[in-house]
2 protein chains.
Amino acid sequence: MDQRRTDTREQIQTIALELFAEQGYDGTSLREIAERLGMTKAAVYYHFKTKEEILTSLIEDFLDQLDELVSWGSEQPPSRQRCRAVLRRYSELLSGRTAELARFMQEGQSAIRDLAVGVEIRKRFGQLADLLTTPDQPLSTRLRARIALITLHVGTFAGAELGGSTQERRDASLQIAHELME
Amino acid sequence: MDQRRTDTREQIQTIALELFAEQGYDGTSLREIAERLGMTKAAVYYHFKTKEEILTSLIEDFLDQLDELVSWGSEQPPSRQRCRAVLRRYSELLSGRTAELARFMQEGQSAIRDLAVGVEIRKRFGQLADLLTTPDQPLSTRLRARIALITLHVGTFAGAELGGSTQERRDASLQIAHELME
DNA sequence: GTCTATACGAGGATAGAC
DNA sequence: GTCTATCCTCGTATAGAC
C-alpha cells in the first residue's frame with residue numbers, strides 16, 4: 001500500500017498549520033516543521049516546492065469550502081432568507097475544521113496578501129458579501145454586508161477577552177450580523 | 001546646530017513605515033531601508049538597536065494618540081454623546097497622519113502580536129471599546145462596541161473595491177458604527 | 001557622534017548523491 | 001523518496017575609520 005506519500009504530505013500540512021497559527025507564517029521556519037516530524041528541511045522540500053506552497057495548499061482547503069458556499073448561495077433567489085442562511089453557514093464554516101486556518105488568515109493578512117490564493121480569497125469574500133444584498137444597492141449597504149461577514153470573524157476569533165463561552169460569542173456575533181443586514 | 005541625528009532617525013522611520021506598509025514588516029529588509037537612504041545596514045543600526053525597535057518607535061506614535069483619546073473619553077461622563085464623540089474622533093485618528101501606520105497594523109497583526117507594544121495597542125483598543133458602553137453591559141453589547149471600532153477600520157482601509165470616494169466610505173462606516181451602538 | 005567594513009548564524013532554496 | 005552539500009540573503013554584532 002503506497003499510503004506513505006500522502007501521509008507525509010498531510011503530516012507536514014498539519015504541523016505547518018499548527019505552527020503558522022501559533023507563530024505566524026514568517027515566524028515559522030522550515031526547520032521547525034521538519035524537526036517536529038523528525039525530518040530535514042530538504043525532505044520537506046521534496047513534498048512542497050516552496051514554503052509558500054505549504055501555505056497555499058492549506059488555504060485552498062478553505063477556498064474550496066468558500067466556493068461551495070458561494071455557489072450554493074448563487075442558486076438561491078435573492079431574499080432575506082438567503083441572506084440569513086449565508087451568514088449562518090459562513091459562521092459555521094469559521095468554527096468548523098478550518099477554524100484554525102481562518103484565524104491564522106485573519107492575523108496573517110500581510111503574508112497572504114501578495115499570493116495568488118490571497119487574491120482568490122478576497123474575490124470570494126466579495127462574492128459572499130454580494131449574496132447578502134440585492135444588486136445595485138448603495139455604498140453603505142454593500143459596506144454593511146462586508147462588516148456583517150467580518151463581525152462573524154470577530155465573534156469567532158477576537159472576543160476571547162470578553163468572557164462568555166465560544167458558543168455564546170458566536171451566537172451573539174451572528175445575531176449582530178443579522179441585524180446589520182435588516 | 002546638531003539637527004542631523006534627529007533628521008537621520010526620522011528619515012529611517014519615514015522610509016521604514018513606507019516599506020512596511022507596502023511589503024509588510026517581515027517582507028522588508030534592513031538593507032532596503034538603508035539603501036533608500038544611501039546608507040549601509042550598519043549605519044541604521046547606529047540609530048536603532050534592532051529592526052523591531054524601528055517598528056516599535058513607529059507604533060508608539062499611534063499609541064500616544066490612542067492614549068490621548070482614551071484619557072479624554074475617560075473624563076467625559078458616560079452618555080450617548082460620549083459614545084458618538086469617541087467614534088468620530090477615532091475615525092479622524094485613522095485618517096490622520098497615522099493612517100498608513102494604522103493600515104499596516106491592521107494587515108500585519110501577526111508581526112506585532114508578540115511585541116510589548118502590541119499588547120499595549122490591544123489594551124487601549126479594549127479601553128476605547130469600553131468607553132462606548134456603560135459598565136456591566138451584556139456580552140452582545142460589548143461585542144458590538146468592538147465591532148463598531150473595527151467598522152471604522154474597514155471603512156477606512158478595506159473598502160477601496162466598493163467604489164465611492166475615501167470620504168464617502170469613511171462617512172458611511174461612521175454612520176454604521178453609530179447605528180451599532182444605538 | 002556617525003558611519004564603513006566585515007563576519008556570524010539562521011533563514012529559504014537548489015542540485016545532485018544515494 | 002530521502003538527505004548532503006551548498007548558495008544567497010537575512011538580522012545581528014563588533015571593530016575601528018573619520
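Note that these values count all heavy atoms, side chains included, but never hydrogens, waters or copies made by symmetry. Chain A is the first sequence line, chain B the second, and so forth, proteins listed ahead of strands; every chain is numbered from 1.
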Would you kindly give the [atom1]-to-[atom2] distance between [X] and [N], to the nearest whole Å?
X     : N      : atom1 : atom2 : result
A/I12 : D/dG1  : CD1   : C1'   : 12 Å
B/L37 : C/dC3  : CG    : C1'   : 13 Å
B/I33 : D/dG11 : CD1   : C1'   : 11 Å
A/E35 : D/dC3  : CD    : C1'   : 15 Å
B/K51 : C/dA10 : NZ    : P     : 18 Å
B/E52 : D/dT12 : CD    : P     : 8 Å
B/Y45 : D/dA13 : OH    : P     : 6 Å
B/I54 : D/dT12 : CD1   : P     : 9 Å

From C-beta outward on [X], which listed nucleotide comes closest to its side chain: [options]?
X     : options               : result
B/L30 : D/dG11, C/dG11, C/dT4 : D/dG11
B/R31 : D/dT2, D/dC10, D/dT12 : D/dC10
B/H47 : C/dT14, C/dC3, C/dA5  : C/dC3
B/A42 : D/dT2, C/dG11, C/dT4  : C/dT4
A/Y46 : D/dT2, C/dG11, D/dC3  : D/dT2
B/T40 : D/dT12, D/dC3, C/dT4  : C/dT4
B/M39 : D/dT12, D/dT4, C/dT4  : C/dT4

Cation over ring face, B/K51 and B/Y25, 6.0 Å, 45°: yes

Residue met sooner reading DNA chain C from 5', once A/K49 and A/E32 are mapped to nucleotides: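 Taking each residue's closest nucleotide, the earlier one in sequence belongs to A/E32.
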
5' priority, DNA chain C, between B/V44 and A/Y25 [closest heavy atom]: B/V44

Residue pair A/Q81 / A/Q76, side-chain donor-acceptor N/O under 3.5 Å: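 Short answer, no.
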
Under 3.5 Å: donor-acceptor pair, side chain of A/E32, backbone of A/S29: yes

N/O (side chain, B/S29) to phosphate O (OP1/OP2, D/dC10) under 4.0 Å: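 Yes.
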
Sugar-phosphate only, base, or nothing, as touched by B/K41 at under 4.0 Å among non-hydrogen atoms: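 Counting heavy atoms under 4.0 Å across all strands, the contact made by B/K41 includes a base.
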
Salt bridge (Lys or Arg N to Asp or Glu O under 4.0 Å) between A/E18 and A/R36, intermediate numbers included: CA-CA 11 Å; A/E18 208 173 286; A/R36 283 250 195 144; 3.0 Å; yes

Plane angle bin for B/H153 and B/Y90 - parallel if under 30°, tilted between 30 and 60°, otherwise perpendicular: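 Tilted: the ring planes of B/Y90 and B/H153 meet at 30° to 60°.
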
